[in-house]
Every structure is written in C-alpha cells, then in structure tokens.
Amino acid sequence: MAQAVAHRAEETEKTALITGSEAIAVACKLADVDVITAYPIRPYDTVMQYVAKLVANGEFDCEYIVAESEHSQFEIVKHASAVGARVFSGSSGVGWMYAFEALTVTPALRIPMVVMVGNRALDDPGAFGVEHNDALAVRDLGWQLVWVDSAQEALDTALIAYRVAEDRRVFLPCAISCDGAFLTHSQGLVKIPSQDKVDAFLPPYQRGDLLLHPDNPITIAPQANEDWLMEIRRQTAAGMERSTAVIREAYAEFEQIFGRKYGNPFFEEYATEDADVVLVGMGTLSTPVKVAIRQMRREGKKVGFVRVRWFRPFAAEELARTLGRFSAVGVIDRDFSLGSPHLGGVLATEVRAAMYLATSQPPVLGFICGLGGREVTVPDVRKMSDIIREAAEGHPQPPTQWIGLRE
Amino acid sequence: MGRLFAVEIVYRGIFQKTLAKNISRGIVLAAHAEGKPGISFGRYGDSPERNGIPAKNFAIVGTDDVTLEEGMAKYEPTEVDISIAVDDTLCKGVESWAWYGLQPINRLLKPGGALIVTSREQPDALIAMCHRKEYPYRLAIVKGTPSFSGLWVYKDDHTDVRILGAVAKLLPDLVGLEAVQKVILAEWRDPLKATSAARAYERTTTTTVRPDQGNPEKPYQFELPKWWEMREGIAIPCIRPGQPMQDMDNHKTGGFRPERNPTFKKFTTRTMRPVVNFDTCIKCTLCWLQCPDSCFDVTPDGLYDANMEACCGCGVCEAVCPVTDCVTMVNEVAFHDNASQWEMWKKDKDAYQTWLNGKIEHRPERSHGFRYRGQYEEQTPEMLEIAREG
C-alpha cells in the first residue's frame, strides 16, 4: 500500500485558501489513497490537476494513472479496489456518461470506490456549467450520492465517504457531487485536519473474503442468469439499506474526532424552526437561498430552507416528517427529468414520492432553475418563495415552473 | 377451458439449433393450420451457441387463445405431452447451460406421454439410458443418427419432417398428418419432404416404458442458496486444488486428481468418450496437457485416466495422442456408467483389452461436427437412405 511521503511533518490543523476540487484532492492525500485514475473534463479536471501537483511535489505517494478514456478510468479503479487498494476517481457531464457501463458494474461487485462528480450540464450544447443530471443518472444503480455546498464540506465529506463506502456492511461506491464553477473553481478558507485525526477516523480498507488475491482464490463477476440475479440484487439492496445507519455513525464520530458539527447528515435545515413555507434544494444554490431568506425574514416572511445532502440513500421518512411541518414546499431542481410526472425535476419527483406516505402532506411545487450554470439569483429565490406562499394561502399553483428563463 | 398441448425438443448446441427450431415451428404452424393458436420458442437461459451443450425448444399449442394464454402464464412448461430428443445420447440426462443439476430426459413427461428419440439403437438400449419414471410413458424411435439438418451448408436429411410425422401419429389431437404435410409444402416447397413425413407417420410405433425400467440412479441435484447465504459481490470461492490418488493394489498415493465442481459437472455435453489403451500409453502427457476441461487424472503409476464426470467428449485427447489407437473416441451410447477405465484395467488387464476392443468397434458411428471435416457429408446419403427405407 502506498505511504504518504511527507504528511508526518504536519500534525496540526491549518487553514488553506483552496477550491472544492483542491479540498477533495487534499482529502485523497489525507486518506492515503492508493490508486487514482484521471481523464480530463471540465470542471472535474481541477481535481486531477491538484492531485498531479501533490504527487509531483512529493507530498503524496499514489499510483496516478491518466487513462485513455473515462470508461477505462473507472474500470481501472474498479479492479484496483477489488485487489484491496483504496481508490479515487471522478468525472463530469458527458465524461461520466461515457463511463456509464463501468459505473453500472461497480455496485453489484461491492466496490467501495469514492469519486468526485464535478456537476456539469450534459451535451449538447456543450455547456460546462452546473446541472445535476450527470450524477443523478446513476441514482438507480446502487451508488451512494451526496451533494456538498462548500470546500470545507467537500473535504470532510470525502473522508466520511471513504469511511462509509469501505464499511463492510455497505461496500458500495460513493459519488460526491460538487457544483461546477461555484464550488470547483471557487477558493474558500478550508481547515485541513491533522493526519493523526484522519488516521483515527478512517480505518484501513479491508476487503476480507471479497479480496481478489492468490491467498483468497475467488472468481468475481461471472456471468449468471435468472436463477441468481434477484439474489444478487437483493444483496446490493441490503448494502444500501444498511448505509443509512453507517452514515449516521460516521458523522457522529466525525464530530467527535474533528469537532465540526454537521447535525443531521442527510439534510441541513436553515431557518426552519418557525418557517411557514420551505424551499428544498441541493448544492451551492444554498448561498442565494440563504441570503434571500434573510432578506425576506426582515420583511416578516417566514421562509426556511432544507438542503438535501445525501440523495442516495434518500432519507425519505425523515425528510417527509420534516417537510410535513410546513404549509407549502418548493423544490428547486438544478436538473430536469423530461416527461416525468408533472414534467418536473428529479428531486421534486423524489420528494413527492417520499411525501406520499406522510401523515401531513402540504402542496409540493417544483421549480426548474439554474440550469447549465445559470445563476440562481436572490430575486429568483424571492419569486419562488412568493409562489409557494401563494400555494400555502390556498391559491393553487402549477406543479412545475421554470424560473430565470427568458420569456 | 380447452386443451393445452406442450412439446419440448431437446437438442445439442450449436449444430442442432436450426433443426430444433424447425421442428418446433412446424408443430405450431401445423396446429395453426387446424385452427389452433400456438407459440414456439427456444429457452432463453440456454446457450445454444456452445458446441454439444444440451438446449431446448418448446412448442405450446392451445385449442383456443384463452387456453394458450393460461398455458403461457408459466413460460417454461412444467409438463409436456411429448419430449423429443434429436440426439440419443441426451437420454442419459441433460445439464444445460442454465440448469443446475442433472435433469432426466423424461422429467417433464406427463403420464402416458411420449418420448421420441432419433437413434439407431434398439428400444432396450435407450430405455437403459433413461432415468426411471414413477409412471409409464411411451418411447418411439425415429431411426437415424444425430442430424444437423437445416444448419448452414449441412444437407437436409429430412429428420425435421420425419419427427413431425411421428408427432402426428403419437398425438393426433395436436396435429394431424394432413396439416403437417400442408405446412411442409408451404414452408419447404418440397413434396419429397411431405412424403418423408407420411412414411415416418406410418412407421412410428411405441414401446411402453414401465416404472421398473431404466436407469435407477438418482440424478445429482442441489438447492440454490438463499440471498443471504451467498457470498456478496458476485464472488465465488474457487475450486480447491486436487490431491494425489491412491493405488488400490499397494495403497500408495501418487499422481494427481484435480478437484472439480461438484454441482456443474457438464458431462451430459458428451456424445463420444475417449477409451484409453493403458498398455500402449507412452506417458507423453499430451492428452493431460491439451484437455480443455482438465479431465485427466494422473494415476499413481503415471498414466492418464479420463475422468468421466468431467469429460465433455471433445476429442482433443484422441487428436493429440501420438500412439495409434491409444486414445479412441467411442459413441457414448456404448457406455452405461462413468466408471474409471484405469481401475478396470488395474483389476484385470486381459478383461480390459477385450472390453476395449469391443468398444472401439463403435468408433466410426457418429460426428458432432468437428471430428473431421466432411464426416457429416459422408453420413448424409446413409441418413437419406434411412429416411426412405426406414
């Protein structure tokens, strides 16, 4: 296994001005990742550049492989993980799509790969701004999906992701989504924890009886048909079911060791305590939303915000219970699901499905906003808030509306 | 509800795939000509592109659409009126790509159902190969060697239509000869094939097989594990390395027997088996080295014993053996067990030579497509002669 070359020199926490992508690369170094594969595509390429720099500077010892395509990129780390290496990879937009076949085979083989998706719009028209459809495309396949909204959260979540993915009860891949530009290309002040603390938090990767090694002779990924397939799927599903509790454990221990509090791991609540209505969303749109909420609160409008972190596993019951407290809910989707129920976004559809079994069911409105890197502005947020307040007051609203569109 | 009919055609991939499909289609089209709807399909879980692997086609017919739908609610039928084996070595049972465990050839037959086999053997020889059934069934033989009719350039030997004629005789409620002939003319536009069907119809007779007749062995089987019993990650523990063998004379151990998969033996893929003349063997290792299934056990005295639980009958050992008649492929119908030849030879070498010479006489009888180029074409005139003369 690779040894971190120079990390012992820095045992104390320090603060650095780095992007979300750099924060993820730092997390890879702290986690002493063994094998990293790369293939350039914006905005993910910022991670590979920073990892390359760490390796070139002698600060980080890992196998760093620039593959010939995204498909190979993910295949290589899949195999490296099968033989016991801690791995990291990542991509964006259509690069992630090009790897799709490799992404589908990873969960069933119980490969705890951790990757970063620098969220990018799918082509065409070749926009490189943020849209969440790339990462969301694997939502049905057994990938754990988490969205973060700051460089600090990116670093911390990467460490948590290794801990959760490599837990024997889970053994499923995890993709950390970072919004293109707003997070991947924006430098913020990040507390970089000491190596000691990371070592205390993150146990070594032990593949046990699934290790592909001459001392543990097994065949993995044989062809199997209808008399095996359902049992295999059920096993993978059981891993995802167990993930929820493992995530809770990991956040609790993270807080204990690092002293940073994230509260509920699955979603962050902002100004919800006395709110009448709430907005729901993922990623960096949290900044304009929070600012707009503060404005509106000064005007006496009680609006709150729920930022979903973990999309898979989806904390359906808990989220439904929380959202049931309000008189209307507005879901902001930085994605779309063309032809879906109410012609809306993926998050809105999932939230509505989660609410179906809830005892309290306020109206859930969907907003498509901020596609292809367009900013979600404070006036956009105020407009969406006004619409859900209308709905809360008993004036029916269309189930899906496009906000910030030239019309 | 009306009446439902089910016929299965058991064949060997890849050479008999078209033959099986043509028989299956012929039954459904003939039934349709009589106003009955039907469905013809190959079992999806099979792997009929693999040489020798047993595979199946099904023809399902109902007297009306609702009855057919009732039958098709269970896609793969649990019982059939007729089982057709287009290779007589399939009578020993089948273990297809998708099945786990050995399935008797007559497993799906209803009480009183019929097993049709293409063979040059007598009924007694075939009955001895088939596993015992708890109730009586009928056996009909359509005389002939295993046919590749309909495939690529292989000559049409009329096996397909002769079997259709036999089906009309055995289950006239499913299809009558007239409908069969009508479909043959429409599909193949060959009056001679219609005549072949009629001849087979006339000649087909049946033998009743009683529950006390047949192979008394219980076919090996096992339970598939529950989802929480399986190792995660689609990981399968390997077959462990083997062990030395024991010499029954002096109880010394030596040689090497590889460990083998106990639940997927594959020997029903075999249509021929190698017999070994241990007295002329020069211990050159070539058979052991070249066998694609690692089926040779290395005996304590340094000989190579083809293990019949593991041999698929490919014939590579015979092809690579440098000694004349040291390894000889023999028609599988000439054998009734999977016993060790080496043990037989150790027990009584003279008796073994007599046995061996008796088996080698069966040598030229069959082909499974790659024994040597042109063999099947050589056999076709004989098969056409059988079709004409019975």
Side-chain angles (χ1 to χ4, degrees), chain A residues 78-84 87 102 104-113 141-142 165-173 205-243 246, chain B residues 13 41-50 53-56 58 72-78 94-103 107 220-243 258-266 269 293-294:
Chain A
K78 181 188 89 180
H79 289 84
S81 179
V83 299
V87 299
T104 61
V105 297
T106 300
L109 296 181
R110 312 306 291 276
I111 301 291
M113 182 190 292
L141 302 179
E166 291 174 3
D167 189 298
R168 186 65 184 84
R169 293 166 287 177
V170 179
F171 262 25
L172 288 172
Y205 170 37
Q206 299 284 359
R207 199 152 170 79
D209 64 339
L210 303 187
L211 182 71
L212 193 62
H213 188 277
D215 292 344
N216 179 47
I218 52 170
T219 289
I220 61 169
Q223 195 255 353
N225 275 329
E226 68 272 16
D227 35 12
W228 297 95
L229 202 274
M230 276 189 77
E231 285 70 24
I232 292 166
R233 291 280 181 268
R234 184 66 189 84
Q235 287 184 326
T236 315
M240 186 62 91
E241 282 164 29
R242 290 190 291 262
S243 158
V246 175
Chain B
F41 60 98
R43 193 172 44 174
Y44 189 65
D46 283 335
S47 192
E49 282 72 31
R50 285 175 167 83
I53 290 280
K56 286 191 179 189
F58 292 101
M72 289 310 298
K74 175 78 182 75
Y75 191 65
E76 196 175 318
T78 48
V94 288
E95 189 196 28
S96 86
W97 200 250
W99 276 331
Y100 298 86
L102 180 64
Q103 311 278 324
R107 189 175 71 100
Y220 68 88
Q221 49 187 196
F222 64 96
E223 295 243 328
L224 290 166
K226 302 200 167 32
W227 72 269
W228 44 268
E229 293 172 328
M230 290 157 52
R231 196 179 291 203
E232 289 184 298
I234 328 182
I236 301 171
C238 79
I239 304 293
R240 294 277 153 188
Q243 286 176 359
E259 197 71 41
R260 299 184 170 106
N261 190 332
T263 49
F264 192 37
K265 295 179 189 288
K266 317 190 295 293
T269 298
D293 291 288
S294 302

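We name chains A, B, ... by the order of the sequence lines, and we start the count at 1 in each one. The structure displayed is predicted, hence computed values, not measured ones.
Of all heavy-atom pairs between B:Ile236 and A:Pro222, the closest is CD1-CG, 3.3 Å. A:Ile220 approaches B:Ala235 most closely through the heavy-atom pair CG2-CB, 3.7 Å. Residues B:Glu232 and A:Leu210 come closest through the heavy atom pair O-CD2, 3.1 Å.
More than 12 heavy atoms of other residues, nucleotides or ligands shown are found within 6.0 angstrom of CD on B:Glu49. Sparse packing is recorded around CD of B:Glu223, with 12 or fewer heavy atoms of other residues, nucleotides or ligands lying under 6.0 Å away. Atom OH of B:Tyr44 is surrounded by 12 or fewer heavy atoms from other residues, nucleotides or ligands within 6.0 Å. Under a cut-off of 6.0 angstrom, the local environment of CZ in A:Arg234 is crowded, with over 12 non-hydrogen atoms contributed by other residues, nucleotides or ligands.
Heavy-atom distances place both the backbone and the side chain of A:Ala108 under 4.5 Å from chain B.
Between A:Thr219 and B:Cys238, every side-chain heavy-atom pair lies at or beyond the 4.5 Å cut-off. In this structure, the side chains of B:Leu224 and A:Trp228 come closer than 4.5 Å at one or more pairs of heavy atoms. Looking at A:Ile232 and B:Ile234, their side chains come closer than 4.5 Å, going by heavy atoms from C-beta outward.
One distance of note links CH2 of B:Trp228 with CD of A:Glu231; it measures 12.0 Å at 0.5 Å rounding.
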